[in-house]
Amino acid sequence: IRYKHNPDNLNSLSHSEIHSIGEDENGNIWIGTERGLNQFNRNSDSFIRFYSDKGTHRLIADNKVTSISKDKKGRLWLCHYTKGSVTLLDPLAGTAQFFTHDPDDPGSLPINDIKYVYEGRQGILWFISTTGGNMYKHDSNSQKFITFKHNPQKPQSLNGNSVLPIFEDSKGIVWIG
């Protein structure tokens, strides 16, 4: 079966350029596209579309969804690679929280172009940007972000500032490419 955007069908994909696919706790398939987030309804073989409302940022911060990751609480983390960089969507509650860079808050999202999110087995969320390629760790207790980047004076720092991919092995060691 092939799914694509059909401008005459509001139940088709919101756009044919797909950037990410994820699955929630209930087995729903979520598809991030160039122009919106889509939830696949298996029973009707159709899609429910979610768009950002530029004035209120209802359920997603921006229409370009580049990465989807489900966390241990069943919520979806969406990266947008544009303004309003990260959305935390709780599909069951129908609520969303948005993370953006605030120059007055050193613990805020360090940059507004997050491309990729990964959750490790311990529930630690890692975010990767494409500007400078830095990596960020989300502290779920404080809701703050910690920056990891290359520092030539620190041999234990990242080898460079171009990070992708990220992987956790069976022993819990995080590998960074």
Side-chain angles (χ1 to χ4, degrees), residues 1-100 109 112-130 135-141 143 145 164-170 172 174-175 177:
I1 298 174
R2 180 178 176 195
Y3 297 101
K4 62 182 183 175
H5 174 67
N6 177 347
D8 298 324
N9 181 355
L10 293 177
N11 295 313
S12 70
L13 275 172
S14 60
H15 196 274
S16 292
E17 187 174 334
I18 296 171
H19 296 290
S20 54
I21 301 174
E23 186 175 13
D24 68 20
E25 289 290 301
N26 294 321
N28 295 310
I29 301 296
W30 294 84
I31 300 171
T33 72
E34 184 69 18
R35 223 176 289 128
L37 178 68
N38 302 262
Q39 179 186 21
F40 181 64
N41 183 323
R42 294 175 194 255
N43 295 328
S44 64
D45 197 36
S46 64
F47 295 90
I48 301 168
R49 299 176 182 179
F50 297 88
Y51 296 104
S52 70
D53 179 332
K54 297 294 182 192
T56 60
H57 290 307
R58 311 245 310 143
L59 281 183
I60 62 174
D62 191 77
N63 284 330
K64 185 173 185 175
V65 181
T66 58
S67 179
I68 300 172
S69 182
K70 178 179 64 91
D71 70 14
K72 302 226 180 289
K73 296 178 182 177
R75 303 170 302 178
L76 299 174
W77 288 85
L78 312 172
C79 295
H80 300 286
Y81 184 57
T82 50
K83 296 178 205 165
S85 207
V86 175
T87 299
L88 173 57
L89 175 64
D90 186 334
L92 295 176
T95 59
Q97 182 178 356
F98 308 103
F99 296 90
T100 58
L109 193 65
N112 272 340
D113 76 341
I114 302 297
K115 175 97 173 174
Y116 182 75
V117 60
Y118 173 81
E119 183 183 36
R121 265 186 265 126
Q122 300 290 328
I124 297 171
L125 287 158
W126 299 93
F127 295 87
I128 297 172
S129 90
T130 54
M135 184 171 72
Y136 311 100
K137 176 181 167 183
H138 181 255
D139 182 330
S140 60
N141 294 322
Q143 294 295 310
F145 290 85
L164 199 67
I166 185 168
F167 170 76
E168 183 176 8
D169 69 19
S170 61
V174 177
W175 295 78

**Asked** Checking side-chain contact (heavy atoms from CB on, under 4.5 Å) for the pair Asn26/Leu92: CA distance, chi angles, key distance, verdict?
**Response** CA-CA 9 Å; Asn26 294 321; Leu92 295 176; 3.1 Å; yes
**Request:** Decide yes or no on side-chain contact (heavy atoms from CB on, under 4.5 Å) for Leu89 and Leu37, but give the supporting numbers first.
**Result:** CA-CA 11 Å; Leu89 175 64; Leu37 178 68; 3.8 Å; yes
**Asked** Residues in side chain to side chain donor-acceptor pair (under 3.5 Å) with Glu34, at least two apart?
**Response** His19
Just how far is it from atom [atom1] of [X] to atom [atom2] of [Y], taken to the nearest 0.5 Å?
{"X": "Leu78", "Y": "Phe99", "atom1": "CG", "atom2": "CZ", "value": "11.5 Å"}
{"X": "Ser52", "Y": "Lys64", "atom1": "OG", "atom2": "NZ", "value": "13.5 Å"}
{"X": "Asp62", "Y": "Thr87", "atom1": "CG", "atom2": "OG1", "value": "8.0 Å"}

Give me the atom names and distance for the closest heavy-atom approach of [X] to [Y].
{"X": "Ser12", "Y": "Lys4", "answer": "CB-O, 3.6 Å"}
{"X": "Arg49", "Y": "Asn6", "answer": "NH2-O, 4.0 Å"}
{"X": "Gly36", "Y": "Tyr51", "answer": "CA-CD2, 4.2 Å"}
{"X": "Ser14", "Y": "His5", "answer": "O-ND1, 3.3 Å"}
{"X": "Ala96", "Y": "Leu59", "answer": "CB-O, 3.5 Å"}
{"X": "Val65", "Y": "Ile68", "answer": "CG1-CG1, 3.9 Å"}

Are [X] and [Y] close enough that a side-chain donor and a side-chain acceptor fall under 3.5 Å?
{"X": "Asn38", "Y": "Trp30", "result": "no"}
{"X": "Ser67", "Y": "Ser20", "result": "no"}
{"X": "Asn112", "Y": "Thr100", "result": "no"}

**Prompt:** Are Trp77 and Tyr118 near enough that their ring centres are under 6.0 Å apart?
**Reply:** no
**Request:** Tell me whether the centres of the aromatic rings in Phe127 and Phe145 are closer together than 6.0 Å.
**Result:** yes
**Request:** Decide yes or no on side-chain contact (heavy atoms from CB on, under 4.5 Å) for Ile128 and Lys115, but give the supporting numbers first.
**Result:** CA-CA 6 Å; Ile128 297 172; Lys115 175 97 173 174; 5.8 Å; no
**Message:** Could you check whether any side-chain N or O of Asp24 sits under 3.5 Å from a backbone N or O of Asn28, counting only pairs where one atom can act as donor and the other as acceptor?
**Reply:** yes
**Request:** Please confirm whether the backbone N or O of Arg75 pairs with a side-chain atom of Asp71, one donor and one acceptor, at under 3.5 Å?
**Result:** yes
So, do [X] and [Y] sit near enough that their side-chain heavy atoms are less than 4.5 Å apart?
{"X": "Ile31", "Y": "Thr33", "value": "yes"}
{"X": "Ile60", "Y": "His80", "value": "yes"}
{"X": "Arg42", "Y": "Ile29", "value": "yes"}
{"X": "Trp126", "Y": "Val117", "value": "no"}
{"X": "Ile18", "Y": "Leu13", "value": "yes"}

**Request:** Not counting sequence neighbours, which residues clear ring pair (Phe, Tyr, Trp, His ring centres under 6.0 Å) with Phe40? List them please.
**Result:** Tyr3, Phe47
**Message:** For Lys73, I'd like to know if atom NZ has over 12 heavy atoms of other residues, nucleotides or ligands within 6.0 Å.
**Reply:** no
**Item:** salt bridge (charged side-chain N to carboxylate O under 4.0 Å, His left out) between Lys137 and Glu119, intermediate numbers included
**Value:** CA-CA 10 Å; Lys137 176 181 167 183; Glu119 183 183 36; over 6 Å; no
**Item:** Trace of the side-chain contact (heavy atoms from CB on, under 4.5 Å) decision for Ile114 with Tyr136
**Value:** CA-CA 9 Å; Ile114 302 297; Tyr136 311 100; 3.8 Å; yes
**Request:** Walk me through it: do Glu23 and Lys70 pass the test salt bridge (charged side-chain N to carboxylate O under 4.0 Å, His left out)?
**Result:** CA-CA 7 Å; Glu23 186 175 13; Lys70 178 179 64 91; over 6 Å; no
